[in-house]
Amino acid sequence: MWNLIQTSLPQLLAAAFQYTVPLALISFFFGLLIALATALIRSSKQGGAFKIVKWIFSFYVWLFRSTPLLVQLFIVFFGLPYLKISGVFPDGIKLDPFVAGVITFSLNTGAYASETIRASISAVPEGQWEAGAAIGMTKYQVVRRIILPQALRVAIPPLSNSFISLVKDTSLAASITIVEMFEVSQQIAAQNYQPMVMYTLVAAIYAVITTVLTYLQGYLEKVTNKHITTP
C-alpha cells in the first residue's frame, strides 16, 4: 500500500497543478466577472427596454442554479457538437475539454456568485447612494468608490466558500475527459485494483487544498475588517 501511495502521489500532485488548480482559478476569475456584471445589471433600477436585459440575466441565473453542474458539463462538451447552425456552425460547436470545462464552471460560478454580490450590494445602506450623488458623483463613481468596496467586505466569506466548492467540483471535469486529479486516481485504481487507497489519497489531497484555502479566507476577512472596531 505504501509503495502505491509513494508512486501515485507525484502523479496526482502533477495533475492537480496542471489541471485542477488552473481550472479552478481561471473559472473563478471569469465567473467573478460574469457575476459582477450580472449583479449590477439585476440591481439596476432602470426601466424601459433595459428590463429585457434584466430578464435575460435573471433567466441565466435561474437556468444555471436549477440544473446540475454535471448535466451542464455534458451539454457544453457532448451536446454542442450536435448543435449545427447553417452558415454559422455547420459542423456544430466542438470545444477542447479544458475550454469546455472553463466555460461551464465560469457560467455556473457566475450564476451563484452573482446572487452573493447582489445581496452584498443590497446590504449597503441606501443613504450611501444618496450621499455620493449629493457630492456630485456619477452613478459609476458611486458604485466604484463607495458601494463596491463596502459590498466586497460582506461578499468575501461566501465568495471564498464558492471558490472552495469550485475546487472540489473540478473533480467532475473527469467526466469530459480532462485528466485532472480525480481522473488520474481513477486510472491508477483501474491499473492496480486499489480503489479504496487511491480515492482516499485523492480525498486527502483535496482536504489539504481546501484547508489552505480556508486559512487564506480567514486572512482575507481579517484584512478587510481591520478598520472595523468592536465597541
Side-chain angles (χ1 to χ4, degrees), residues 4-5 7-35 38 60-83 89 92-116 158-192 194-214 216-217:
L4 177 60
I5 292 174
T7 55
S8 303
L9 188 58
Q11 298 178 57
L12 293 174
L13 292 176
F17 287 107
Q18 188 175 358
Y19 290 105
T20 302
V21 174
L23 182 60
L25 287 173
I26 296 170
S27 300
F28 192 68
F29 172 76
F30 286 113
L32 280 184
L33 295 181
I34 295 169
T38 303
Y60 149 67
V61 172
W62 170 81
L63 180 65
F64 276 85
R65 293 181 70 200
S66 303
T67 53
L69 178 55
L70 184 60
V71 175
Q72 295 164 14
L73 282 166
F74 272 55
I75 289 174
V76 172
F77 185 68
F78 295 110
L80 289 183
Y82 292 92
L83 183 64
F89 300 111
I93 305 172
K94 297 176 182 177
L95 299 172
D96 176 82
F98 191 84
V99 174
V102 168
I103 290 173
T104 308
F105 286 124
S106 297
L107 290 172
N108 184 274
T109 299
Y112 282 94
S114 69
E115 290 296 275
T116 298
L159 287 179
S160 299
N161 289 333
S162 295
F163 180 62
I164 291 172
S165 295
L166 176 60
V167 171
K168 292 181 289 185
D169 287 342
T170 55
S171 60
L172 294 174
S175 62
I176 59 169
T177 71
I178 296 178
V179 192
E180 47 71 60
M181 190 163 55
F182 182 62
E183 171 67 12
V184 171
S185 73
Q186 288 182 306
Q187 293 175 357
I188 298 173
Q191 294 169 3
N192 295 278
Q194 293 287 345
M196 184 64 181
V197 175
M198 291 312 306
Y199 297 151
T200 302
L201 180 59
V202 79
I205 296 174
Y206 276 114
V208 170
I209 294 173
T210 53
T211 301
V212 172
L213 292 175
T214 302
L216 288 176
Q217 173 187 344

So how far is it from L213 CG to S165 OG, rounded to the nearest 0.5 Å?
10.5 Å
With a 4.5 Å limit on heavy-atom distance, are the side chains of Q217 and N161 in contact?
yes
Can S185 and L201 be said to form a side-chain contact (heavy atoms from CB on, under 4.5 Å), step by step?
CA-CA 8 Å; S185 73; L201 180 59; over 6 Å; no
With rounding to the nearest 0.5 Å, note down the distance linking CZ in F163 to NZ in K168.
12.0 Å
Assess whether side-chain contact (heavy atoms from CB on, under 4.5 Å) is satisfied between T170 and Y206, documenting all intermediate values.
CA-CA 11 Å; T170 55; Y206 276 114; 4.3 Å; yes
Please report the shortest heavy-atom distance between K94 and P81, naming the atom on each side.
CG-CB, 4.0 Å
Can T104 and Q72 be counted as having a side-chain donor-acceptor contact under 3.5 angstrom?
no
CG/N108 to CG/L69 distance, rounded to the nearest 0.5 angstrom?
4.5 Å
Side chain of Q11, backbone of T7: donor and acceptor closer than 3.5 Å?
yes
Nearest atoms (heavy-atom pairs only) where A15 meets V184
CB-CG2, 3.6 Å
Show the atom names and distances, to 0.1 Å, of all donor-acceptor pairs under 3.5 Å that link a side chain in residues 19-32 to residues at least two apart or in another chain.
residue: T20; atom: OG1; partner: M181; partner atom: N; Å: 3.2
residue: S27; atom: OG; partner: L23; partner atom: O; Å: 2.7

Sub-4.5 Å side-chain heavy-atom contact between V179 and Q18:
no
Gap between atom OG1 of T210 and atom CD1 of I164 - 0.5 Å precision
6.5 Å
Would you say that L70 contacts S175 through its side chain, given a criterion of any heavy-atom pair below 4.5 Å between the two side chains?
yes
Which distance, rounded to the nearest 0.5 Å, do you find between the CG of D96 and the CD1 of I176?
9.0 Å
Considering non-hydrogen atoms only, spot the tightest contact between I178 and P97 and give its length.
CD1-O, 3.2 Å
Decide side-chain contact (heavy atoms from CB on, under 4.5 Å) for L172 and F182; before the verdict, give the C-alpha distance in whole Å, the side-chain angles of both, and the deciding distance to 0.1 Å.
CA-CA 8 Å; L172 294 174; F182 182 62; over 6 Å; no
Between Y60 and I34, is there a side-chain heavy-atom distance shorter than 4.5 Å?
yes
Closer than 3.5 angstrom, by distance alone: can the side chain of S8 be matched with the main-chain N or O of I5 as a donor-acceptor pair?
no
Donor-acceptor contact below 3.5 Å, side chain N192 vs main chain Q194
no
Do Y112 and F64 have side chains that get closer than 4.5 Å, going by heavy atoms?
no
Under 3.5 Å donor-acceptor, S114 side chain and A111 backbone
yes
Measure the CD1-OG1 distance between I75 and T67 for me, rounded to the nearest 0.5 Å.
6.5 Å
I103: which residues meet the side chain to side chain contact (heavy atoms under 4.5 Å, CB included) condition with it, sequence neighbours left out?
L95, V99, L107
Would you please say whether a donor-acceptor pair under 3.5 Å links the side chains of E183 and Q187?
yes
side-chain contact (heavy atoms from CB on, under 4.5 Å) for T38 and E115? Distances and angles first, verdict last.
CA-CA 9 Å; T38 303; E115 290 296 275; over 6 Å; no
